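To start, the structure itself, in structure tokens.
Here the structure is a predicted model, which means the values were calculated and not measured.
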There are 2 protein chains.
Amino acid sequence: MVTIKDIAKATGVSPSTVSRVIADNSRISEETKAKVRKAMEDLGYFPNLTARNLAVKSTKTIGVILPSSADKSLQNPFFSEILRGIGSVTHKLQYSMMLSSGQTEEEIYAEVQRIVLGSYVDGIILLYSRLNDRVTQFLVEKDFPFVIVGKPQEVNDRTTYVDNDNIQAGEDITSHLIETGHNRIAFIGGAKDLVVTIDRMQGYTNALKKADIPILEEYLIHTEFLKSGGKEAVEKILRLPERPDAVVVSDDLISIGVIGMLEESGLSVPEDISLVSFNNAYLSEIIHPALTTIDIQIYKLGVESAKAIIEKKIGIDDPKRIIIPHYIIYRDSVKRKS
Amino acid sequence: MVTIKDIAKATGVSPSTVSRVIADNSRISEETKAKVRKAMEDLGYFPNLTARNLAVKSTKTIGVILPSSADKSLQNPFFSEILRGIGSVTHKLQYSMMLSSGQTEEEIYAEVQRIVLGSYVDGIILLYSRLNDRVTQFLVEKDFPFVIVGKPQEVNDRTTYVDNDNIQAGEDITSHLIETGHNRIAFIGGAKDLVVTIDRMQGYTNALKKADIPILEEYLIHTEFLKSGGKEAVEKILRLPERPDAVVVSDDLISIGVIGMLEESGLSVPEDISLVSFNNAYLSEIIHPALTTIDIQIYKLGVESAKAIIEKKIGIDDPKRIIIPHYIIYRDSVKRKS
DNA sequence: CTGTTAGCGCATTCAA
DNA sequence: TTGAATGCGCTAACAG
């Protein structure tokens with residue numbers, strides 16, 4: 001390996017001078033800069049990141065923590081997309097991106113501890129938000145810079161997060177259904193302890209209330225990424241005396257399952273029942289019918305979260321709430337009834 | 001920050017002794033070990049990874065390179081899944097996982113150069129394989145340990161890779177169609193310059209030949225993750241005098257699009273036309289009809305690739321071909337006709 | 001079984 | 001504008 005010393009020797013300057021031209025220090029003459037740079041080129045020099053990190057006490061890498069593998073949500077294209085968003089800014093800003101996962105919550109905790117206490121990252125992005133999360137607590141305790149993608153359960157205004165306004169989004173998309181003449185609207189969500197599900201359902205009920213449509217308990221169905229239990233649940237809903245004429249589904253992936261189940265039950269979307277959804281995953285465009293869905297700008301969620309920890313040094317002192325705008329993508333899963 | 005010196009001082013031993021108990025060196029008495037460990041506990045000591053890395057000249061982290069963001073394939077759940085697989089072994093073996101991406105091929109190249117030349121990673125996993133890839137060439141030149149997931153275009157037996165036997169898989173699934181009584185079988189693939197597509201189509205033609213079924217040019221259709229051009233292409237195929245009674249689709253995601261398009265054309269799967277697919281993404285189970293598809297064990301692809309660079313120190317001297325077995329998942333998208 | 005010394009490769013303070 | 005010296009935190013001979 002060719003080090004700073006080698007090129008110093010070759011150029012006849014001191015190592016510190018070389019170090020300075022690497023940093024493009026203004027107090028170095030252009031001619032020595034040129035001379036040194038040529039030597040670097042010739043000898044094939046490349047700065048050792050580890051050594052630099054040790055010297056400057058910063059790694060210019062941020063850790064990205066995935067939910068535990070047990071979490072089914074990991075199958076969601078959401079993650080590829082947000083990783084792309086994060087990667088785009090880490091790359092541009094010359095940062096690296098360290099990915100951490102684990103089978104269990106325990107493993108993840110150990111992992112985070114390792115990279116944080118081991119000074120292996122300068123900041124952390126949490127790609128999940130769980131209630132009473134040890135990781136979050138640890139980060140807060142250590143006063144370590146981190147940002148959560150999604151809304152933290154306990155908004156203790158000591159944590160920065162980037163999220164959509166899912167309540168508003170839920171209301172918007174439900175209102176669209178109402179405006180197009182639907183009034184028996186069901187809601188199908190994922191795990192009911194996820195904040196995102198709760199928020200979207202909240203928006204759903206808000207819209208119903210504003211339109212003076214009664215909220216029926218039997219129209220609220222939760223399903224863990226369906227297929228098994230989901231099927232019967234949907235069948236049940238469809239056998240109600242007042243069968244829904246529309247359904248709000250909290251995730252595109254679930255929508256695909258729902259459409260499949262409806263078809264099995266002999267119902268087609270949107271002729272027999274309209275459907276709206278969230279996320280605007282690639283799939284929502286491809287499936288038949290193409291989904292009318294809320295684009296939550298996943299990529300941007302990633303971008304903003306990365307910017308948050310990198311550009312502004314997140315600290316307990318200046319927590320931020322970054323809300324990414326959403327908008328409705330109108331496609332073919334809603335039938336105008338009036 | 002509490003360092004090795006601090007706890008040395010506190011315990012009255014030398015820094016090297018402390019270092020040794022960290023490494024659990026056998027030549028340190030149990031009592032000093034205990035004493036030192038207690039001090040570490042009390043003072044909240046945690047080894048600085050960067051410093052250690054510099055000293056031992058190894059980072060215990062492996063770089064994972066995603067295809068350029070331009071690549072549509074990034075939307076594929078494939079990546080989350082393989083990342084999970086890789087992560088499971090890096091985690092278990094106490095390694096870290098550095099994720100690199102970039103908008104363009106150029107960016108990726110710069111990134112790889114940075115982490116390799118900067119000694120930031122001990123090995124590289126390439127999550128793509130492109131023809132005449134600068135990155136691959138660079139890695140080979142530098143004699144840097146790396147492994148490719150998927151089959152390298154030019155199998156120069158100097159590179160280690162982990163892949164499925166996609167030719168065999170293509171033949172297997174096509175044969176299943178033939179055995180169930182189909183004989184007008186079309187093939188729908190993604191970009192035709194992807195090795196995986198080529199291999200699967202090869203298997204498809206192999207199966208046809210073995211069954212003495214003629215291979216029709218007009219039954220071969222390629223589509224870049226359809227919707228736009230894909231629709232008409234499928235419609236065209238359906239209008240042929242000899243309409244196919246089955247179709248082999250090279251990716252679950254594409255299958256979803258295909259099913260959608262068939263429906264739009266008034267055809268249903270598997271009643272009017274059978275469909276088989278590849279990957280066994282989560283979706284293939286959820287959609288209606290549930291897909292008969294090849295499980296390529298994505299997770300395992302990740303696991304094996306990680307094991308390859310970590311456990312055995314990959315080198316030019318011992319390239320390996322690791323083939324992950326595949327198997328057919330029988331579900332509801334194929335109609336038995338005989 | 002443990003301490004001393006040196007060094008990993010780079011950045012930075014202090015002089016000059 | 002440049003050089004010498006020191007240190008980042010840890011590991012690894014080499015002694016003892």
Side chain to side chain donor-acceptor pair (under 3.5 Å) contacts in which one or both residues fall within residues 58-67 of chain B, not counting sequence neighbours: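 Every side chain to side chain donor-acceptor pair (under 3.5 Å) pair that includes a residue of residues 58-67 of chain B, provided the two are not neighbours, is B/Ser58-B/Asp122, B/Thr59-B/Asp122.
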Reckon [X] touches a base, only the sugar-phosphate, or nothing at all at heavy-atom distances under 4.0 Å?
X        : result
A/Leu54  : base
B/Thr3   : sugar-phosphate
A/Gly118 : nothing
B/Pro47  : sugar-phosphate
A/Ser29  : sugar-phosphate
B/Val18  : nothing

Is the backbone of [Y] close enough, under 3.5 Å, to the side chain of [X] for a donor and an acceptor to pair up by distance?
X        : Y        : result
B/Asn164 : B/Ile296 : yes
B/Gln297 : B/Pro325 : yes
B/Ser129 : B/Lys151 : yes
A/Lys33  : A/Asn25  : yes

Is there a donor-acceptor contact under 3.5 Å linking the side chains of B/Ser16 and B/Ser19?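 On atom types as modelled, these side chains do not qualify, holding no pair under 3.5 Å.
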Is any side-chain N or O of [X] closer than 4.0 Å to OP1 or OP2 of [N]?
X       : N      : value
B/Lys57 : C/dG7  : no
B/Tyr45 : D/dC10 : yes
B/Thr17 : C/dG3  : yes

Using only heavy-atom distances, decide whether a donor-acceptor pair under 3.5 angstrom links the side-chain of A/Arg52 to the base of C/dT12.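 Answer is no: no donor-acceptor pair is held.
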Any N/O donor-acceptor pair, A/Thr32 side-chain to D/dT2 base, under 3.5 Å: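 No, no donor-acceptor pair under 3.5 Å.
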[X] [atom1] to [N] [atom2]: how many Å, rounded?
X       : N      : atom1 : atom2 : result
A/Ile4  : C/dG7  : CD1   : P     : 18 Å
B/Asn53 : C/dC10 : CG    : C1'   : 15 Å
B/Arg20 : C/dT5  : CZ    : C1'   : 12 Å
B/Lys5  : C/dT5  : NZ    : P     : 13 Å
A/Leu49 : C/dC10 : CG    : C1'   : 11 Å
A/Phe46 : C/dG9  : CZ    : P     : 16 Å
B/Lys9  : D/dC10 : NZ    : P     : 13 Å
B/Asn25 : D/dA13 : CG    : P     : 12 Å

Proximity to DNA chain C (any heavy atom under 4.0 Å), residues of residues 109-117 of chain A only: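 Those residues whose heavy atoms fall under 4.0 Å from DNA chain C, taken from residues 109-117 of chain A, amount to none.
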Report, as yes or no, whether the 6.0 Å neighbourhood of atom NZ on A/Lys35 holds more than 12 heavy atoms from other residues, nucleotides or ligands.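 Atom NZ in A/Lys35 is crowded, with more than 12 foreign heavy atoms closer than 6.0 Å.
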Have a look at the helix from C/dC1-D/dG16 to C/dA16-D/dT1 and give the angle its two end axes make, five pairs each, rounded to 10 degrees.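 Result, rounded to 10 degrees: 40°.
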Could A/Lys38 and A/Glu41 be called an ion pair, given the rule that one side-chain N must be under 4.0 Å from one carboxylate O?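 Here A/Lys38 does not pair with A/Glu41 in a salt bridge, since their nearest N and O are not under 4.0 Å apart.
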Identified salt bridge (Lys or Arg N to Asp or Glu O under 4.0 Å) partner of A/Arg134 from the options A/Glu106, A/Glu107, A/Glu105, A/Glu141: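 Result for salt bridge (Lys or Arg N to Asp or Glu O under 4.0 Å) with A/Arg134: A/Glu106.
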Selection from C/dT2, C/dC10, C/dG3 that lies nearest to any side-chain heavy atom of B/Ile28: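 The answer is C/dT2, which lies nearest to the side chain.
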A/Ser16, nearest nucleotide to its side chain (from D/dG9, C/dC10, D/dA5):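 For A/Ser16, the side-chain atoms sit closest to D/dA5.
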In this structure, which one of B/Leu127, B/Val112, B/Leu99 forms a side chain to side chain contact (heavy atoms under 4.5 Å, CB included) with B/Ile65?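 Result for side chain to side chain contact (heavy atoms under 4.5 Å, CB included) with B/Ile65: B/Val112.
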What are the two closest heavy atoms between B/Gly302 and B/Ile86, and how far apart are they?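 Closest heavy-atom pair between B/Gly302 and B/Ile86: O-CG1, 3.5 Å.
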